[in-house]
Amino acid sequence: MALVQYIYTSILMTELSAQNAFDTSTMSTKICEQFGITGRVFANRQKALAITEGPEEIIAKYFQSVNRDPLAQKILLHVQRPIQTREFNDYSVWLNLGQAFEFSRSVRKLTAASLESAWPDNLSAKVRIMADAYLDPEMLAA
C-alpha cells in the first residue's frame, strides 16, 4: 500500500480549555496509534499544524474525519504527497497550553526549547519549511 504525507493547518471556532485540548489530543494519539498513523501535531488551544503519514487510504479517511469536525472553523491542506518512507516513527501531539500542565508520553509540552526534540533526524526540507513558517513565537511561547 502506498504511503502518503499530509501537512495541514486548522483553526477552531473557539479556544479550548487546557483540559479539553489535552483530552482531545490524547484521543487523537490513541486513534492514530490504532490505525498506524505517524506524524506530529503542534498546537495551542485554538490552532494547529499537523503532519500525518501512513497508508494512503487511511490518511485520506483520517483527514476527511478531521475536516468534518464541527469545532473546526478552517482546515487548509497544504501538502498531500506520496512518500517512500515515513519520516516519523510514532505519532505525538505537542501542546502549548499557556499554563502549567501534566503532560504524557504522547501529548507533550510545546515550547521553543522542546521543539527540536519533536523532530526526527531525517526531517525533510518540505516539513521543516512548513513548520518554520507556522510555528511562530505565539505558538512557542512558554
Side-chain angles (χ1 to χ4, degrees), residues 1-99 101 103-142:
M1 188 175 289
L3 294 174
V4 295
Q5 183 180 71
Y6 283 20
I7 302 173
Y8 56 94
T9 53
S10 60
I11 300 173
L12 299 179
M13 293 203 191
T14 167
E15 188 175 283
L16 299 176
S17 70
Q19 187 64 54
N20 194 307
F22 179 81
D23 292 345
T24 301
S25 298
T26 299
M27 182 178 66
S28 171
T29 61
K30 288 178 181 176
I31 290 168
C32 288
E33 287 172 7
Q34 179 182 357
F35 287 100
I37 296 171
T38 55
R40 294 289 181 273
V41 174
F42 301 97
N44 60 23
R45 293 187 201 183
Q46 193 164 16
K47 60 183 184 175
L49 166 69
I51 303 119
T52 56
E53 55 188 23
E56 187 170 13
E57 184 177 323
I58 291 171
I59 297 300
K61 287 181 180 178
Y62 182 78
F63 181 73
Q64 288 171 359
S65 70
V66 169
N67 215 7
R68 288 191 301 266
D69 185 342
L71 294 176
Q73 177 181 6
K74 182 183 276 188
I75 298 175
L76 295 173
L77 179 60
H78 302 281
V79 176
Q80 177 181 352
R81 66 181 181 145
I83 56 174
Q84 294 298 313
T85 58
R86 295 175 189 251
E87 291 187 61
F88 300 93
N89 61 7
D90 63 1
Y91 181 89
S92 59
V93 177
W94 295 70
L95 284 177
N96 176 354
L97 297 176
Q99 67 183 61
F101 202 86
F103 291 90
S104 68
R105 178 190 62 78
S106 59
V107 181
R108 302 176 185 182
K109 184 177 183 178
L110 175 62
T111 66
S114 70
L115 179 62
E116 202 54 41
S117 63
W119 299 123
D121 293 336
N122 63 331
L123 188 67
S124 67
K126 187 171 291 253
V127 173
R128 175 65 72 180
I129 290 167
M130 287 291 302
D132 286 348
Y134 192 77
L135 296 172
D136 59 21
E138 178 188 335
M139 286 292 288
L140 299 173

Without placing hydrogens or testing angles, list every side-chain donor-acceptor pair under 3.5 Å for residues 112-120, not counting sequence neighbours.
residue: Ser114; atom: OG; partner: Lys109; partner atom: O; Å: 2.8
residue: Ser114; atom: OG; partner: Thr111; partner atom: N; Å: 2.8
residue: Ser114; atom: OG; partner: Thr111; partner atom: O; Å: 3.3
residue: Ser114; atom: OG; partner: Thr111; partner atom: OG1; Å: 3.4
residue: Ser117; atom: OG; partner: Ser114; partner atom: O; Å: 2.7

Does NZ or CZ of Lys47 come closer than 6.0 Å to the centre of the six-membered ring of Phe42, within 45° of the ring's axis? no
Val107 vs Ser92, side-chain contact (heavy atoms from CB on, under 4.5 Å): CA-CA, chis, key distance, verdict: CA-CA 6 Å; Val107 181; Ser92 59; over 6 Å; no
Val41 and Ala50 have their tightest heavy-atom pair at CG2-CB, 3.9 Å
Does [X] have any side-chain hydrogen bond (donor to acceptor under 3.5 Å, both in side chains) partners at least two apart in sequence or in another chain, and if so, which?
X	answer
Ser28	Tyr62, Tyr91
Asn67	none
Ser106	Thr29

Those residues that, when tested against Phe35, pass side chain to side chain contact (heavy atoms under 4.5 Å, CB included) (two or more places apart): Ile31, Ile37, Ile58
For [range], which residue pairs qualify under salt bridge (Lys or Arg N to Asp or Glu O under 4.0 Å), counting only residues two or more places apart or in two chains?
range	answer
residues 19-35	Glu33-Arg105
residues 50-63	Glu57-Lys61
residues 71-97	Arg40-Asp90, Arg81-Glu87

Taking the side chain as everything from C-beta on, heavy atoms only, tell me whether [X] gets closer than 4.5 Å to [Y].
X	Y	answer
Val127	Ile7	yes
Val79	Lys126	yes
Val66	Tyr8	yes

Between [atom1] of [X] and [atom2] of [Y], what distance do you get to the nearest 0.5 Å?
X	Y	atom1	atom2	answer
Asn44	Leu110	CG	CG	8.5 Å
Gln84	Leu3	CD	CG	8.0 Å
Thr9	Leu77	OG1	CG	9.0 Å
Asn122	Asn89	CG	CG	9.0 Å
Thr52	Gln80	OG1	CD	10.0 Å

Partners passing salt bridge (Lys or Arg N to Asp or Glu O under 4.0 Å) against Arg68 (at least two apart in sequence or in another chain): none
Test ring pair (Phe, Tyr, Trp, His ring centres under 6.0 Å) applied to Tyr6 - qualifying residues, sequence neighbours left out: Phe63
Who passes ring pair (Phe, Tyr, Trp, His ring centres under 6.0 Å) against Phe103, sequence neighbours left out? Phe101
Donor on one side chain, acceptor on other, Asp69 and Ser65, under 3.5 Å: no
